[in-house]
Amino acid sequence: MLLYPSSIDLSTRTLRFLAGQLTARRRDIGTRWRRLPLVRQTLLVLAHLRCGDTYAQLAAEFGIGIATVYRYIREVIEVLAALAPTLTEAMKTIRTKAFVILDGTLLPIDRIAADTPYYSGKHKRHGMNVQVLTDPFGRLLWASPALPGSTHDLTAARQHGIIDALAAAGLTCWADKAYQGAGRPVRVPFRGRHLKRWKRRHNTTHAKIRCVGEQAMATLKGWRLLRKLRCSTNRITNIVKAVLVLHHASA
């Protein structure tokens, strides 16, 4: 366990990876001195992403100003986001899988009722829509850029090019009813209340396969910052990318 004022449930492998990336960043820009040593800045960022500690809490614990905390966190998130794979790059790994599971999740954000584009009618709250691809064992493979919460899952999948990429790769994908009409590569359950017995059996089997993908959602929400985002919506995509890179680095 990495120790901060409280514990961070990440291994030292994650710390070493992030410290290495930050070392390269400081060398590239020619940094000579900072208020925090490299390892302390790394711990600060991990505490923010993993534990969801606020800027004010971090400033008090590390003995620096809130503006400095903001700069340190933003710097590391941008470094990590640049390492995140695009969908095209991720498809090289995805093509080796027997099939993939596609699902969408809503990352809650701090917004008022007037912010209509971010309000999800399905979840009855404001948030950002993120599409996730997992392998047959529920391991997180790729996460999409964030879109306003009012975006339907099927619309988001098409906008990100996920459906076309899966079709081009000839991969089978399992998804829920929200992706009805996606086309041949995406398998969805039958809809309706009074289904024939064979259709009900199909839906049961489908649900057993697809539910494994929920593990990826739990993986994302394990980074507690994503449970309630209070930053600009323009920064959320980079935060998701940073979390994805750290997750793969610690796997």
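Both backbone and side-chain heavy atoms feed into the values below; hydrogens, waters and symmetry mates do not. Treat the numbers as computed from the prediction; the structure is a model and nothing was measured.
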Compute whether any side-chain donor of one residue and acceptor of the other, for Gln21 and Arg16, lie under 3.5 angstrom apart.
no
Residue pairs, two or more places apart or on separate chains, that pass side chain to side chain donor-acceptor pair (under 3.5 Å) and touch residues 200-213:
none
Looking only at atom types and distance, does a side-chain atom of Glu214 sit under 3.5 Å from a main-chain N or O of Cys211, one as donor and one as acceptor?
no
Can you check whether Trp142 reaches Thr86 side chain to side chain, under 4.5 Å on heavy atoms?
no
I'd like to know whether Val79 forms a side chain to side chain contact (heavy atoms under 4.5 Å, CB included) with Leu22, so could you lay out the CA-CA distance, the side-chain angles of the two residues, the decisive distance to 0.1 Å, and finally the verdict.
CA-CA 8 Å; Val79 169; Leu22 194 52; 5.6 Å; no
Are side-chain heavy atoms of Lys221 and Thr105 found at a separation under 4.5 Å?
yes
Polar contact flag, side-chain donor to acceptor under 3.5 angstrom, Tyr70-Glu75
no
Assess the pair Tyr118 and His126: is the distance between their ring centroids shorter than 6.0 Å?
no
Any non-hydrogen side-chain atom of Thr68 less than 4.5 Å from a side-chain atom of Phe62?
no
So do His160 and Leu147 actually touch side chain to side chain, heavy atoms under 4.5 Å?
yes
Heavy-atom check, side chain of Leu141 versus side chain of Lys97, under 4.5 Å
yes
Work out which heavy atom in Leu244 is nearest to a heavy atom in Pro85; give both atom names and the distance.
CD2-CD, 4.2 Å
When you look at Trp223 and Ile239, which way does the side chain to side chain contact (heavy atoms under 4.5 Å, CB included) test go after all the steps?
CA-CA 10 Å; Trp223 297 81; Ile239 291 174; over 6 Å; no
Tyr72 versus Arg34, closest heavy-atom pair with distance
OH-CB, 3.5 Å
Indicate, with yes or no, if Leu46 and Leu229 share a hydrophobic cluster defined by side-chain heavy-atom contacts under 4.5 Å among Ile, Leu, Val, Met, Phe, Trp and Tyr.
yes
Taking Leu43 as the starting point, is it possible to reach Ile64 by hopping between hydrophobic residues whose side chains are less than 4.5 Å apart?
yes
Check the hydrophobic clustering (I, L, V, M, F, W, Y; side-chain heavy atoms under 4.5 Å; chains of links allowed) and say if Val76 and Val245 are grouped together.
yes
Looking at every non-hydrogen atom in both residues, tell me the closest pair between Leu102 and Ala157 and how far apart they are.
CD2-CB, 4.3 Å
If we only count heavy atoms from C-beta on, is the Leu80 to Lys241 side-chain gap below 4.5 Å?
no
hydrophobic_cluster_shared for Val212 and Val186, side chain cutoff 4.5 Å:
no
At what distance, to the nearest 0.5 angstrom, does CG of Leu220 lie from CG of Leu225?
12.0 Å
Within the 3.5 Å criterion, strictly below it, is a donor on Thr23 or Arg27 matched to an acceptor on the partner's side chain?
no
Does Arg184, at its CZ atom, have more than 12 non-hydrogen atoms belonging to other residues, nucleotides or ligands within less than 6.0 Å?
no
Would you call Thr134 and Val100 a side-chain contact if the rule is heavy atoms closer than 4.5 Å?
no
Distance-only, no hydrogens or angles: does the Asp135 side chain make a donor-acceptor pair with backbone N or O of Arg139 under 3.5 Å?
yes
Euclidean distance, Leu140 CG relative to His247 NE2, rounded to 0.5 Å:
4.5 Å
Measure across Ser150 and Pro117 and return the closest heavy-atom pair with its distance rounded to 0.1 Å.
OG-O, 2.6 Å
Is there a chain of hydrophobic side chains (I, L, V, M, F, W, Y, each step under 4.5 Å between heavy atoms) that links Met91 to Val130?
no
Short side-chain donor-acceptor distance under 3.5 Å, Glu78 and Asn238:
no
dist Arg158:CZ -> Thr151:OG1 (nearest 0.5 Å) comes out at 13.5 Å
Would you say the rings of Tyr179 and Trp174 are close, in the sense that their centroids are separated by under 6.0 Å?
no
With side chain to side chain contact (heavy atoms under 4.5 Å, CB included) as the test, would you mind laying out the steps for Phe99 and Arg187 before giving the verdict?
CA-CA 11 Å; Phe99 63 88; Arg187 295 184 179 182; over 6 Å; no
Under 3.5 Å: donor-acceptor pair, side chain of Thr237, backbone of Pro145:
no
Working to the nearest 0.5 angstrom, can you tell me the gap between Glu89 CD and Ile94 CD1?
11.5 Å
Test your reading of the model: is there a side-chain donor-acceptor pair from Ser232 to the backbone of Asn234, 3.5 Å cut-off?
yes
Closest non-hydrogen atom pair between Leu36 and Arg26, with its separation
O-NH2, 3.4 Å
What are the two closest heavy atoms between Gly213 and Ile101, and how far apart are they?
N-CD1, 3.8 Å
Do His48 and Val45 touch side chain to side chain, with heavy atoms closer than 4.5 Å?
no
Rounding to 0.5 Å, atoms CD (Gln131) and CD1 (Ile163) come to a distance of 8.5 Å
With rounding to the nearest 0.5 Å, note down the distance linking SG in Cys231 to CD1 in Ile77.
7.5 Å
Should Asn129 and Asp153 be marked as a side chain to side chain contact (heavy atoms under 4.5 Å, CB included) after you check the CA-CA gap, both sets of side-chain angles, and the distance that decides it?
CA-CA 8 Å; Asn129 181 304; Asp153 281 339; 2.9 Å; yes
